[in-house]
Amino acid sequence: MADTPITEITEEIARNPVRVSGFSLEEIGQQAGKEILLQGSIYKLRRMSGFAFVLLRTGRHVIQCVYSPEFSRFGMEELVEEGCVRVRALVAPEERSRLGWELRLLELQVLSLPAQPMPIVINQKRVDTSLENLLDYRMLTLRNEKQRAIFKIQEGICRGFRSFLEEQHFTEIHSPKIVEAGAEGGANIFSLEYFGRQAYLAQSPQFYKQMMVGVFERVYEVGPVFRAEKHDTSRHLNEYTGVDFEMGYIDSFEEIMEMEEGMIQAALAHLQETCAPELELQQETSAKKAGMPQMPMGRIPRIRFGEAKSLVAEHYHRPMAEKEDFEPEEEKLLCQYVREHFGSDYVFVTHYPSAKRPFYAMDNPDNPSETLSFDLLFRGVEITTGGQRIHDYQEQLDKLVRRGMDPEAFAGYLLMHRHGMPPHGGLGLGLERFTARLLDRENVREAALFPRDVHRLTP
């Protein structure tokens with residue numbers, strides 16, 4: 001090869017350009033001085049005097065290309081925003097570029113052209129419109145690089161969760177979403193006709209993940225959850241993605257909280273490693289510049305429910321209107337207090353009143369009016385509910401009866417208790433809420449790909 005004339009090498013490169021995906025800027029940069037084939041959509045055109053900057057949206061990045069009659073073998077009129085194209089480009093070294101190179105467009109193949117102009121501007125730093133418009137045109141507004149970055153980050157969160165749980169010997173399961181009875185035993189459940197019988201959409205994989213503890217000992221699931229609640233707030237959805245895990249042979253519900261600490265730390269580390277470009281984009285548009293959440297040295301602070309209620313009431317001179325649960329404003333104030341005094345964006349609230357917890361929550365043997373359960377609050381919002389479950393058959397049966405519930409309606413669930421279950425517990429985390437708070441988004445709908453709430457069934 002050393003004796004081959006340089007002209008022949010150049011001709012060989014021209015005949016055989018390198019095809020790259022556009023998912024990795026590093027991959028493109030490694031082709032400096034070579035021609036490549038790249039595909040994507042024309043995100044934005046910046047026409048200058050005699051040349052143009054062409055922003056090409058690929059599967060992961062928006063890449064700046066240069067059009068010039070000096071080297072481009074096609075007319076500028078062929079470049080149309082949101083047109084899907086395949087380009088042949090030279091990866092040219094360029095010191096003025098932050099990447100150290102630029103793409104010089106040589107040839108263009110138009111794969112498709114838009115039939116109409118965009119109804120909404122998506123190629124600015126942010127989509128400057130109302131939340132309703134953002135969601136109405138979701139299939140288009142997600143093309144904005146900062147909007148789509150939300151869901152690349154959400155994917156990274158899930159990957160981080162999964163990797164950690166698998167390292168901790170959890171088995172992933174996929175439970176049914178059409179069920180005979182609701183896990184919570186309440187009215188906030190969607191019903192449907194099922195071949196002449198009444199059925200429901202699952203509120204939670206709770207029953208099934210408990211059953212599978214008796215099979216695999218440790219299980220997790222990432223899947224849809226349905227809640228027929230008529231809440232119309234910035235924190236509620238009627239369909240969301242639940243991250244659930246359940247673990248057996250525990251000695252205390254503290255073990256569940258410790259497992260969640262590790263899971264969240266692993267996810268944040270994974271994001272820093274794999275989603276740095278998307279995190280940087282979000283920082284540019286975050287009004288508060290919240291950044292990655294602060295976790296204290298050691299473990300997340302833990303505060304008993306009763307103490308937390310009293311702390312908020314006394315410190316912020318706020319009367320307790322609701323005795324057995326938190327109001328949204330109390331959650332915000334408690335998180336504010338913990339951030340100021342403990343340096344943590346997270347706080348575990350433990351020992352919730354039994355009256356406000358499901359029938360399967362284990363009561364505290366030392367105080368049966370409270371449960372061995374917890375919520376995890378993150379930047380002012382509850383993102384996780386968890387705790388230890390009742391594993392003894394008679395204890396579970398007695399609690400159902402005390403609550404006036406029909407044990408026959410839960411015969412399949414009770415079967416596992418009747419035939420032996422280890423002490424166990426777990427949790428459910430709302431993926432959209434976690435993503436929204438991580439990225440300083442006030443409305444959970446911004447972190448839902450195509451949100452479903454009391455008003456929205458499309459797109």
Side-chain angles (χ1 to χ4, degrees), residues 13 17-72 76 79 81-108 121-128 141-156 268-292 438-441:
I13 291 172
V18 179
R19 181 182 288 274
V20 297
S21 66
F23 290 99
S24 169
L25 294 178
E26 183 180 2
E27 180 190 7
I28 297 174
Q30 289 171 351
Q31 308 305 321
K34 299 180 181 179
E35 292 182 13
I36 65 170
L37 290 179
L38 186 65
Q39 58 201 23
S41 298
I42 298 175
Y43 188 57
K44 191 172 185 176
L45 291 173
R46 294 175 179 160
R47 291 181 171 85
M48 315 299 281
S49 178
F51 71 100
F53 291 116
V54 182
L55 301 186
L56 188 69
R57 186 180 65 244
T58 67
R60 181 80 186 267
H61 301 282
V62 172
I63 303 172
Q64 181 168 286
C65 307
V66 180
Y67 168 88
S68 172
E70 293 182 9
F71 47 75
S72 300
M76 191 186 297
L79 297 168
E81 287 184 356
E82 290 307 314
C84 297
V85 299
R86 184 173 290 121
V87 301
R88 184 185 185 116
L90 174 68
V91 184
E94 174 53 70
E95 294 180 357
R96 291 170 294 182
S97 167
R98 66 180 181 87
L99 296 172
W101 50 265
E102 67 179 12
L103 290 184
R104 295 179 182 173
L105 298 178
L106 305 178
E107 295 177 0
L108 176 80
V121 177
I122 64 153
N123 56 14
Q124 302 299 321
K125 283 190 174 182
R126 58 186 296 269
V127 183
D128 190 14
T141 57
L142 284 173
R143 297 180 185 181
N144 173 270
E145 62 174 336
K146 293 180 175 63
Q147 282 294 310
R148 74 172 181 178
I150 295 171
F151 299 97
K152 192 65 180 176
I153 291 168
Q154 193 170 85
E155 180 215 26
L268 297 182
H270 182 79
L271 285 182
Q272 297 279 27
E273 181 181 343
T274 63
C275 294
E278 287 80 11
L279 291 170
E280 184 179 348
L281 281 170
Q282 293 303 305
Q283 277 293 93
E284 291 175 8
T285 56
S286 173
K288 297 179 183 177
K289 303 289 183 185
M292 294 300 278
L438 182 70
L439 301 181
D440 193 32
R441 302 281 172 155

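Heavy-atom basis, side chains included; hydrogens, waters and symmetry copies ignored.
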Worksheet entry | Residues Val87, Leu103; criterion side chain to side chain contact (heavy atoms under 4.5 Å, CB included); working and verdict | CA-CA 10 Å; Val87 301; Leu103 290 184; 6.0 Å; no

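- The line from CG of Leu79 to OG of Ser72 is 8.0 Å long, rounded to the nearest 0.5 Å.
- Leu105 is listed as a side-chain neighbour of Val54, based on a closest heavy-atom distance under 4.5 Å.
- With rounding to the nearest 0.5 angstrom, the CG atom of Leu271 is 10.0 Å from the CD atom of Glu155.
- Note: Asp440 CG to Gln283 CD = 8.5 Å, rounded to the nearest 0.5 Å.
- Residue Leu37 comes nearest to Pro17 through the heavy atom pair CG-CG, 3.8 Å, listed as atom of the first residue, atom of the second, then distance.
- In this structure the side chain of Arg57 reaches within 4.5 angstrom of the side chain of Ile122, judged on heavy atoms.
- Smallest separation of non-hydrogen atoms from Gly29 and Trp101: CA-NE1, 3.4 Å.
- Heavy atoms only, all atoms of each residue included: Glu27 and Ser21 are closest at OE1-OG, 3.4 Å.
- In this structure, Ile36 CD1 and Gln31 CD are separated by 7.5 Å, a value rounded to the nearest 0.5 Å.
- Under a 3.5 Å cut-off, the side chain of Glu81 and the backbone N or O of Leu45 do form a donor-acceptor pair.
- Nearest heavy atom pair, residue Phe51 against residue Val66, reads CD1-CG1, 4.4 Å.
- Here the CZ-CZ distance, from Arg86 to Arg19, works out to 5.0 Å after rounding to the nearest 0.5 Å.
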Item to complete: Let me see the working for Tyr43 and Thr58 under side chain to side chain contact (heavy atoms under 4.5 Å, CB included), right down to the final yes or no.
Response: CA-CA 9 Å; Tyr43 188 57; Thr58 67; over 6 Å; no

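- Residues Ser68 and Arg104 are not in side-chain contact: their nearest non-hydrogen atoms beyond the backbone lie 4.5 Å or more apart.
- Within the 4.5 Å cutoff, the side chain of Asn123 has no heavy atoms near those of the Val62 side chain.
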Fill in: Trace of the side chain to side chain contact (heavy atoms under 4.5 Å, CB included) decision for Lys44 with Gln124
CA-CA 9 Å; Lys44 191 172 185 176; Gln124 302 299 321; 3.4 Å; yes

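- When all heavy atoms of Ala52 and Arg47 are compared, the closest pair comes out as CB-CA, 4.1 Å.
- If you take CG on Leu279 and CD1 on Ile153, they are separated by 4.5 Å, rounding to the nearest 0.5 Å.
- Side-chain atoms of Arg126 and Asn144, non-hydrogen and from C-beta on, never get closer than 4.5 Å to each other.
- Taking the side chain as every heavy atom from C-beta outward, Phe71 and Leu90 never approach each other to under 4.5 Å.
- Scanning both residues, Lys146 and Lys125, for their nearest heavy atoms gives CD-O, 2.7 Å.
- In this structure the side chain of Val91 never reaches within 4.5 angstrom of the side chain of Lys34, judged on heavy atoms.
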Worksheet entry | Residue pair Lys152, Arg60: steps toward the side chain to side chain contact (heavy atoms under 4.5 Å, CB included) verdict | CA-CA 9 Å; Lys152 192 65 180 176; Arg60 181 80 186 267; 3.7 Å; yes

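- Looking at heavy atoms from C-beta onward, His61 lies out of side-chain contact with Ile28 at the 4.5 angstrom threshold.
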